[in-house]
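This is a predicted model, so every value here is computed, not measured. In each ligand, atom 1 is the first atom listed, and ligand 1 is the first ligand listed.
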Amino acid sequence: MPKVHVTASINGEPAEFLCDPDKSMLEVLRNTLGLTGTKEGCGTGDCGACSITVDGRLVCACLMLAVEAEGTEIGTIEGMAQGEALHPLQRKFLEMAALQCGICTPGVLIAARALLEKNPDPTETEVRFGLAGNLCRCTGYDKIVRAVLEAAAEMRETVA
Ligand code: FES
Ligand code: FES
């Protein structure tokens with residue numbers, strides 16, 4: 001099967017790659033592009049570990065064909081910090097110990113950022129609903145939810 005040439009933008013930088021037409025975006029991110037921050041948990045769209053954004057929309061990279069990236073803007077965890085400066089969500093997760101093994105964390109952070117872009121002042125219920133597609137076997141979720149709420153408050157203050 002001939003490989004397909006794909007041109008996209010990844011974390012604001014132009015990117016291009018060759019891939020088999022049946023490869024998932026997750027496989028290409030991790031194995032072709034070396035962006036291993038995006039994790040594979042289930043590979044079937046159930047755990048959210050592979051969460052990325054595609055044109056600002058939250059997507060499971062394991063359910064997306066890499067060829068579908070053509071012409072899109074992809075956002076991964078590698079683009080979240082600005083150089084040495086962590087995103088407020090990343091900082092709060094560290095400060096509030098909202099991670100343990102860390103496998104779910106990149107996906108949770110990407111989902112939380114997508115949530116706060118749509119809703120900068122979510123209730124606890126809205127945070128829980130927004131992260132419902134991201135499974136964590138370690139934290140019990142409470143610290144994650146608190147960290148997202150604190151980051152949201154800080155981000156609102158920065159904007160105000
Ligand atoms: S690896 Fe994609 S949802 Fe679990
Ligand atoms: S911190 Fe281990 S799965 Fe979430």
Side-chain angles (χ1 to χ4, degrees), residues 4 6 8-11 15 17-81 86-119 122-155:
V4 180
V6 177
S9 162
I10 300 182
N11 300 323
F17 54 85
L18 290 173
C19 67
D20 292 319
D22 61 349
K23 287 287 180 227
S24 72
M25 193 65 214
L26 179 60
E27 287 175 279
V28 166
L29 282 173
R30 291 182 56 82
N31 302 332
T32 305
L33 300 173
L35 296 173
T36 55
T38 304
K39 302 302 181 201
E40 177 163 15
C42 61
T44 52
D46 295 303
C47 75
C50 65
S51 298
I52 60 170
T53 54
V54 180
D55 292 333
R57 195 164 54 92
L58 190 62
V59 167
C60 290
C62 70
L63 296 183
M64 173 182 172
L65 289 172
V67 293
E68 295 178 288
E70 177 64 37
T72 65
E73 163 65 42
I74 304 285
T76 73
I77 190 66
E78 285 85 355
M80 204 155 177
L86 294 179
H87 187 283
L89 279 163
Q90 294 173 303
R91 202 160 20 74
K92 286 294 174 196
F93 269 55
L94 284 173
E95 285 171 14
M96 300 174 72
L99 66 153
Q100 288 178 35
C101 80
I103 288 290
C104 72
T105 310
V108 172
L109 287 167
I110 289 289
R113 184 179 66 177
L115 168 70
L116 297 186
E117 279 171 5
K118 272 193 258 158
N119 180 2
T123 63
E124 178 178 337
T125 302
E126 286 168 337
V127 172
R128 289 185 184 275
F129 189 81
L131 299 181
N134 293 82
L135 304 185
C136 175
R137 65 182 179 180
C138 304
T139 64
Y141 300 100
D142 205 56
K143 288 180 177 177
I144 290 176
V145 173
R146 308 268 152 245
V148 173
L149 288 168
E150 289 257 339
E154 185 184 301
M155 289 163 72

Short version for L63: what comes under 4.0 Å of ligand 1, heavy atoms counted, is neither
Do H87 and M155 come close enough that some side-chain heavy atom pair is under 4.5 Å? yes
Under 4.0 Å from one or more heavy atoms of G43, ligand 1 contributes atoms 1 (S), 4 (Fe)
So the atoms of ligand 1 within less than 4.0 Å of a heavy atom of C47 turn out to be 1 (S), 3 (S), 4 (Fe)
#### Entry: salt bridge (Lys or Arg N to Asp or Glu O under 4.0 Å) between E124 and R128, intermediate numbers included
CA-CA 6 Å; E124 178 178 337; R128 289 185 184 275; 2.9 Å; yes
Ignoring waters, protein N/O/S atoms under 2.8 Å from atom 2 (Fe) of ligand 2 are C101 SG, C138 SG
Heavy atoms of E73 and I10 approach each other most closely as OE2-C, 4.4 Å
Practice problem: Determine whether S51 and N134 make a side-chain contact, defined as any pair of heavy atoms from C-beta on separated by less than 4.5 Å. | Solution: yes
Legend entry - atom 4 (Fe) of ligand 1 to nearest N/O/S of C42 less than 2.8 Å: yes
Closest non-hydrogen contact found for A97 with K143 is O-CD, 3.2 Å
Numbered in order shown, the ligand 1 atoms found under 4.0 Å of a heavy atom of D46 are 3 (S)
C50 heavy atoms within 4.0 Å reach ligand 1 at atoms 1 (S), 2 (Fe), 3 (S)
- Any side-chain heavy atom of F93 within less than 4.5 Å of one from V108? yes
key: Beyond-backbone contact of C104 with L135, side-chain heavy atoms, under 4.5 angstrom   = no
E154 side chain near R91 side chain, heavy-atom distance below 4.5 Å
yes
Counting from 1 in the order shown, the ligand 1 atoms closer than 4.0 Å to a non-hydrogen atom of G45 are 3 (S)
Within 4.0 Å of some non-hydrogen atom of C62, the atoms of ligand 1 are 1 (S), 2 (Fe), 3 (S)
So OG1 of T76 and CZ of R30: to nearest 0.5 Å the spacing works out to 11.5 Å
Result for side-chain contact (heavy atoms from CB on, under 4.5 Å) between T38 and one of I52, I110, L33, I74 points to I52
Under 4.0 Å from one or more heavy atoms of G41, ligand 1 contributes atoms 1 (S)
